[in-house]
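Heads up, the thing below is written out as structure tokens.
Since we're looking at a predicted model, the values are computed, not measured. Sequence positions, counted from 1, serve as the residue numbers for this chain.
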Amino acid sequence: MNQTISTSDISLKAKLLCTLGWRMALCGAETRLIIQSVRQMGVDLGLSEVDLGLSRTGLVVKVHSGTEYCVEFKEISAFGINMSSLTELNRICLDVSAGKLKDPQEIFHAIEAVNPKHYNQKLLIVIEALAAGLFAFLNGATPQVMGCSVVGGLLLMIVRFSLLKRGFFESFAFMCSAFCGSILALLSAKLLFNLSPEQTSLAIMSTSLLLVPGFPFMNGFLDIFKGYVDMGISRIIHAFVLTSAAAIGLIGTVFINSLTIFETL
């Protein structure tokens, strides 16, 4: 009977730690924070040893308590960005360390109760489009250039969210949205306002800046600097692939812009 209780207890703790690390990875936490949080909570739960393996595709946690051990694995679909949820998870870790939360079942339920907050998609599309116009403004754009950037940004974000919602690969979504958004900015600049080549280029550039994956790049470099080279490289490669996909879409717009069709209109 004691053996059964011991095995059940260590199994729950392994599941708890794996869920914590998995949730933090989905929220975009850097590798060092994930490893430190999981191991510290393992110590707070009275485990003698916690082995942790984190990769781009999954998380493995092996916990030891005396002669007993248990292994848990969770697949990581994507490293997203959700600082609100990450803050709540970190607060749970601090409460456990401070002794405010002691029961493993209660801690597990607290982690499971952390629900990611999602912004209204329509509002987010508008905000991102306005950001494109402000990018242009910061680079000395005229109101006409800003308008082209905004309409291009609107289409870019609509295409991006639509493709991702339908299950397309993220890199494909980046490529298509970059092309659609930049081509609309180009057409607006050429056909509506007859802008100069420099102003047209600024409108296209401001629209495409919405797709720069700055957060994955930052986390990748932080991982490398802190010694987690394999994870850092995988994050940077992923960000580079997304950037390359957006660049391919942008190249299509640049090619169309080089055609003489606009000179006859």
Side-chain angles (χ1 to χ4, degrees), residues 8-65 68-121 123-124 127-128 213-228 230-232 234-236 238-239:
S8 176
D9 183 61
I10 194 174
S11 177
L12 173 60
K13 291 179 179 179
K15 186 177 181 180
L16 185 159
L17 295 178
C18 192
T19 302
L20 172 64
W22 174 68
R23 284 291 188 94
M24 295 183 79
L26 293 180
C27 293
E30 58 177 291
T31 303
R32 185 183 184 186
L33 178 61
I34 297 173
I35 293 177
Q36 286 183 338
S37 299
V38 172
R39 286 181 173 166
Q40 181 58 46
M41 184 168 287
V43 172
D44 296 331
L45 292 174
L47 297 170
S48 57
E49 186 178 351
V50 177
D51 297 324
L52 187 67
L54 178 63
S55 69
R56 184 65 181 79
T57 56
L59 174 69
V60 179
V61 175
K62 182 179 181 181
V63 301
H64 302 259
S65 181
E68 298 293 325
Y69 72 90
C70 184
V71 179
E72 282 284 336
F73 170 81
K74 277 189 175 291
E75 182 180 357
I76 299 174
S77 56
F79 287 86
I81 305 172
N82 198 312
M83 293 296 102
S84 175
S85 295
L86 184 58
T87 301
E88 291 185 38
L89 292 171
N90 190 53
R91 186 177 294 113
I92 292 173
C93 295
L94 294 175
D95 288 342
V96 174
S97 296
K100 297 179 181 178
L101 286 174
K102 296 181 180 180
D103 180 52
Q105 193 73 45
E106 184 181 352
I107 298 170
F108 181 73
H109 288 321
I111 294 173
E112 287 282 288
V114 176
N115 294 318
K117 296 180 180 179
H118 298 285
Y119 293 102
N120 182 281
Q121 195 173 94
L123 178 61
L124 192 58
I127 292 175
E128 294 281 5
F215 194 80
F217 270 121
M218 181 184 69
N219 265 355
F221 282 114
L222 285 174
D223 281 348
I224 292 176
F225 291 150
K226 294 177 181 180
Y228 304 100
D230 51 348
M231 273 299 299
S234 67
R235 289 183 194 253
I236 290 177
H238 177 67

Atom of Cys27, atom of Ser85 and distance for their closest heavy-atom approach
SG-CB, 3.5 Å
Option from Val43, Leu16, Leu101 for which side chain to side chain contact (heavy atoms under 4.5 Å, CB included) with Val96 holds
Leu101
With sequence neighbours excluded, what pairs up with Ser37 under the side-chain hydrogen bond (donor to acceptor under 3.5 Å, both in side chains) test?
none
Test side-chain hydrogen bond (donor to acceptor under 3.5 Å, both in side chains) applied to Ser48 - qualifying residues, sequence neighbours left out:
none
Are there over 12 heavy-atom neighbours, none belonging to Phe108, within less than 6.0 Å of that residue's CZ?
yes
Are more than 12 heavy atoms, taken from residues, nucleotides or ligands other than Lys74, located less than 6.0 Å from that residue's NZ atom?
yes
Any side-chain heavy-atom pair from Leu59 and Val38 closer than 4.5 angstrom?
no
To the nearest 0.5 Å, what is the distance between CE on Met24 and CG on Leu86?
5.0 Å
Would you say the side chain of Ile236 lies within less than 4.5 Å of the side chain of Asp223, judging by non-hydrogen atoms?
no
Would you check if Leu47 and Leu17 make a side-chain contact, meaning some heavy-atom pair closer than 4.5 Å?
yes
Between CG on residue Leu94 and CD on residue Gln40, distance to nearest 0.5 Å
9.5 Å
If you round to the nearest 0.5 Å, how far is CG of Asp44 from CD1 of Ile107?
8.0 Å
Non-hydrogen atoms of Gly42 and Val50 that approach each other most closely:
CA-CG2, 3.9 Å
State, to 0.1 Å, how close Lys15 and Glu72 come at their nearest heavy-atom pair, and which atoms those are.
N-CG, 3.6 Å
For residues Lys226 and Thr31, determine if any side-chain heavy atom of one lies less than 4.5 Å from a side-chain heavy atom of the other.
no
Roughly how far, to the nearest 0.5 Å, is the CD atom of Gln36 from the CD atom of Glu30?
8.5 Å
Measure the CG-NZ distance between Leu52 and Lys62 for me, rounded to the nearest 0.5 Å.
13.0 Å
Nearest heavy atoms of Ile92 and Ala110, plus distance in Å:
CD1-O, 3.5 Å
Passes side chain to side chain contact (heavy atoms under 4.5 Å, CB included), Cys93 versus Leu20? Steps please.
CA-CA 9 Å; Cys93 295; Leu20 172 64; 3.8 Å; yes
If you compare all heavy atoms of Cys18 against all heavy atoms of Val61, which two are closest, and at what distance to 0.1 Å?
CA-CG2, 3.8 Å
Considering only heavy atoms from C-beta outward, does the side chain of His64 approach that of Asp51 to under 4.5 Å?
yes
Let's go through Val71 and Val60 carefully: what are the C-alpha distance in whole Å and the side-chain angles of both, what is the deciding distance for side chain to side chain contact (heavy atoms under 4.5 Å, CB included) to 0.1 Å, and is it a yes or a no?
CA-CA 7 Å; Val71 179; Val60 179; 3.9 Å; yes
Is it true that a side-chain atom of Arg23 and a backbone atom of Ile111 form a donor plus acceptor pair closer than 3.5 Å?
yes
Polar side-chain atom of Lys13 near backbone of Val63 as donor-acceptor pair, under 3.5 Å
no
Sub-3.5 Å donor-acceptor pair from the side chain of Trp22 to the main-chain atoms of Glu75, do we have one?
yes
CD1/Ile34 to CZ/Arg39 distance, rounded to the nearest 0.5 angstrom?
12.5 Å
